Amino acid sequence: MDPLAPFREEVESSVKAALEEIGARQELQMEVPDAAIADFAFPCFSLAKVLRKAPAAIAEELVAKIKTNSLIERVWADNGYLNFKVNQSELVRATLQEVMRARSDYGKGEDKGTKVLLEHTSVNPTGPIHVGRARNPIIGDTLARCLRKCGYQVATEYLVNDVGRQVVLLSWGVRNIPQEDVVPASDRQKDDHLLVGFYQRANEQLESKPEVEAQIASLTRGFEAGDPEVVSMVRETTERMLHGIRESLSSINVELDQYTWESQFILNGDAKRVVERLKTVPECHEEEGAFYLDLSAFGIHGRDTKFFFTRSDGTTLYTTRDMAYHQDKFKRADQLINVLGEDQKLEQQQLAAALRILGGDKVPECLFYAFVSLPEGRMSTRKGRAVHLDDLIDEAEDRAYEEVRKRRVDLSEEKMRQIARDIGRGALRFNIVRVQAEKQIVFKWEEALNFEGNSAPFLQYAHARCCSILAKAGEFERVIDPSLLDDPYERKLIRILAQYPTVVRDCGVKRRIHLMPAYGQEVASAFNQFYAYVPVLRSGERQAVRLTLVESTMWVLRGVLDNLGIVAPEEM
RNA sequence: GGGCAAGUGGCCUAGACUGGAUAUGGCAGCAGCCUCCUAAGCUGCAGGUCCGGGGUUCGAAUCCCCGCUUGCCCGCCA
């Protein structure tokens with residue numbers, strides 16, 4: 001339950017009644033202004049035209065007509081706004097009661113009864129995940145967590161691209177290039193780091209040796225024809241690579257529910273069936289044996305209107321398999337969301353048009369992110385120019401470890417390592433997700449590994465402070481007495497805690513996950529101020545209510561961190 | 001050449017969907033705060049042509065148009 005709901009409803013119904021009284025028919029558009037101004041506000045500007053009066057005059061007129069119950073403390077007109085201040089005691093009571101009742105479920109939305117299939121990451125298994133692509137699993141996993149918190153049934157899925165020239169090339173390299181000719185990505189004993197060197201060397205040979213080109217072409221044909229030997233060779237290499245990638249994902253707390261292999265859609269005939277159906281539609285045309293759809297009627301213009309779905313030799317293309325995959329996904333869920341790099345925008349537009357042509361009434365919703373680049377340019381696995389996610393994680397943990405060691409000489413080595421892991425990895429995830437996905441990011445170590453201010457450790461630290469106070473207090477009686485929680489720092493903190501369910505809803509419904517870290521920062525900041533000025537332990541008759549507030553804050557911080565896939569350490 | 005995004009103090013960033021009350025935070029800088037619950041913290045100071053130019057409006061960071069800059073895409077690759 002949302003503790004703000006009764007207040008919001010009271011404000012809305014009173015405004016509605018007042019509007020009817022002055023004869024204005026108007027869509028209710030409430031705002032939540034800056035805390036210093038009011039709790040809720042109704043702007044009267046759009047009424048000005050209809051009523052032919054100044055907004056300020058309308059606001060004054062409305063104030064006189066407003067009737068509210070005890071949930072509202074004050075109503076006043078200011079600057080063309082009708083402002084509302086809610087009853088602070090009631091807000092304190094409603095908020096703390098709800099947090100203490102729901103605890104880790106505070107903010108959780110009602111079960112929506114909607115199955116969402118969220119595809120994310122799906123990076124090509126040709127090398128270790130680099131930072132350029134690292135936004136994908138982090139955004140995807142965070143969105144999945146937020147949607148679940150909202151009440152959606154979410155399944156996450158990774159499409160493994162085990163079809164096509166690049167995986168064939170990789171597999172060929174692993175079989176044919178001697179180990180000593182290859183430079184691994186690092187000295188890590190991880191399959192993705194060990195194998196990527198073969199891929200890079202194979203790419204070089206492809207350019208320098210014509211006979212390699214012929215071998216690859218032959219293997220590719222063998223794969224498409226279902227030659228068991230080739231298929232199993234590619235499968236084996238891809239599985240090893242994927243194993244390494246999954247280890248990396250796991251280390252940033254990302255676990256996907258399902259891995260679907262692209263080759264499945266060739267082997268089970270789905271891709272072929274898509275081709276056959278597409279060949280019968282009016283948009284279908286042929287050019288030298290290859291078939292394509294003319295998408296000029298679908299808002300796609302210029303040279304991009306030809307959307308090929310077969311080669312002239314009749315074999316399928318990635319996009320054809322992707323269509324089969326999406327049809328399959330729609331059988332399994334009510335709603336599809338894809339988290340994709342911005343290079344996929346046109347492809348997805350074409351895919352959506354093709355799905356419509358095939359008679360589908362639903363298309364996937366896409367969340368695009370811009371790539372993280374290096375100051376010297378775009379990262380590339382093939383060229384070996386990349387910062388690997390694994391290296392970034394290690395560096396984050398090392399730096400966090402230095403910080404822990406400086407501060408906590410009392411802890412065991414093992415404990416320090418554990419805390420450094422939680423902080424380093426958390427800092428990484430937070431820094432990716434705090435920025436809107438569509439903004440381009442130039443990678444800088446100092447920024448990626450910020451432990452202060454607007455960062456995961458800031459939230460984690462506030463959480464640890466809560467835990468520390470609660471641990472020192474021991475058992476206590478949960479007391480909610482608004483008259484004993486009258487300090488401005490307490491009131492400010494509670495007001496922010498009350499907004500958590502609203503934030504959860506906005507994150508999920510609007511798919512704006514960067515609201516979550518921003519909100520967490522607000523909570524932690526308000527708590528730190530409270531911490532600095534309001535003593536909790538040894539505060540006499542106020543100790544119990546303050547401990548209740550501290551515990552409530554802890555639940556909210558823990559919830560926020562959990563939504564972000566970040567561990568909430570009890571000490572640091 | 002065409003298309004899709006983004007441009008907010010030295011740096012990073014919120015707000016833009018739904019125009020409205022002093023543009024949100026952080027980093028870096030300067031000045032303070034640990035006999036008291038962890039200073040990964042708190043307080044204060046300083047720092048802004050919201051890329052530029054037009055337009056719509058009583059009112060524009062927000063909407064429209066024209067530019068500029070940056071990223072991405074425009075393959076019978078995946």
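Nothing here was measured: the structure is a model prediction, and the numbers come from that model.
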With the sugar-phosphate defined as primed atoms, P, OP1 and OP2, and the base as all remaining atoms, what B/S/- string results for nucleotides 67-75 of chain B, 5' to 3', for protein heavy atoms under 4.0 Å?
---BBSSS-
Out of B:C76, B:A39, B:A21, minimum distance to the side chain of A:Asp78 belongs to B:A21
Heavy atoms from C-beta onward define the side chain here; which of B:A14, B:C11, B:A78 lies closest to that of A:Glu447?
B:C11
Using the side-chain contact (heavy atoms from CB on, under 4.5 Å) rule, pick out the option among A:Leu459, A:Val560, A:Thr502 that qualifies with A:Tyr519.
A:Val560
Among B:C37, B:U13, B:A5, the one nearest A:Ser468 by side-chain distance
B:C37
Set of salt bridge (charged side-chain N to carboxylate O under 4.0 Å, His left out) partners for A:Arg382, sequence neighbours left out
none
What residues 519-530 of chain A contributes to the RNA chain B interface at heavy-atom separation below 4.0 Å is A:Gln521, A:Asn528, A:Gln529
Can you tell me which nucleotide in B:C37, B:A78, B:A16 comes closest to the side chain of A:Arg512?
B:A16
What is the base-pairing partner of B:C42, counting Watson-Crick and G-U wobble geometry with both distances under 3.5 Å?
B:G32
Side-chain polar contacts of residues 121-130 of chain A - donor-acceptor pairs under 3.5 angstrom, sequence neighbours left out - could you list them?
from: A:Ser122; atom 1: OG; to: A:Glu119; atom 2: OE2; distance (Å): 2.9
from: A:Ser122; atom 1: OG; to: A:Leu159; atom 2: N; distance (Å): 3.0
from: A:His130; atom 1: ND1; to: A:Gly132; atom 2: N; distance (Å): 3.0

Looking at the side chain of A:Arg311, which of B:U18, B:C76, B:G41 is the nearest nucleotide?
B:C76
Are the side chains of A:Phe265 and A:Asp328 in contact, using a 4.5 Å heavy-atom criterion?
yes
Between A:Gln348 and B:C4, is there a side-chain N or O to OP1/OP2 distance below 4.0 Å?
no
Residues which pass salt bridge (charged side-chain N to carboxylate O under 4.0 Å, His left out) with A:Glu31, listed by chain and number, not counting sequence neighbours:
none
Sorted by chain and residue number, the salt bridge (charged side-chain N to carboxylate O under 4.0 Å, His left out) partners of A:Arg495 (sequence neighbours excluded) come out as A:Asp39
Hey, does the side chain of A:Lys439 come within less than 4.0 Å of B:G7's phosphate (OP1/OP2), counting only N and O?
yes
So, do A:Arg465 and A:Asn528 sit near enough that their side-chain heavy atoms are less than 4.5 Å apart?
yes
Please determine if a side-chain N or O atom of A:Arg538 lies less than 4.0 Å away from the OP1 or OP2 oxygen of B:C36.
no
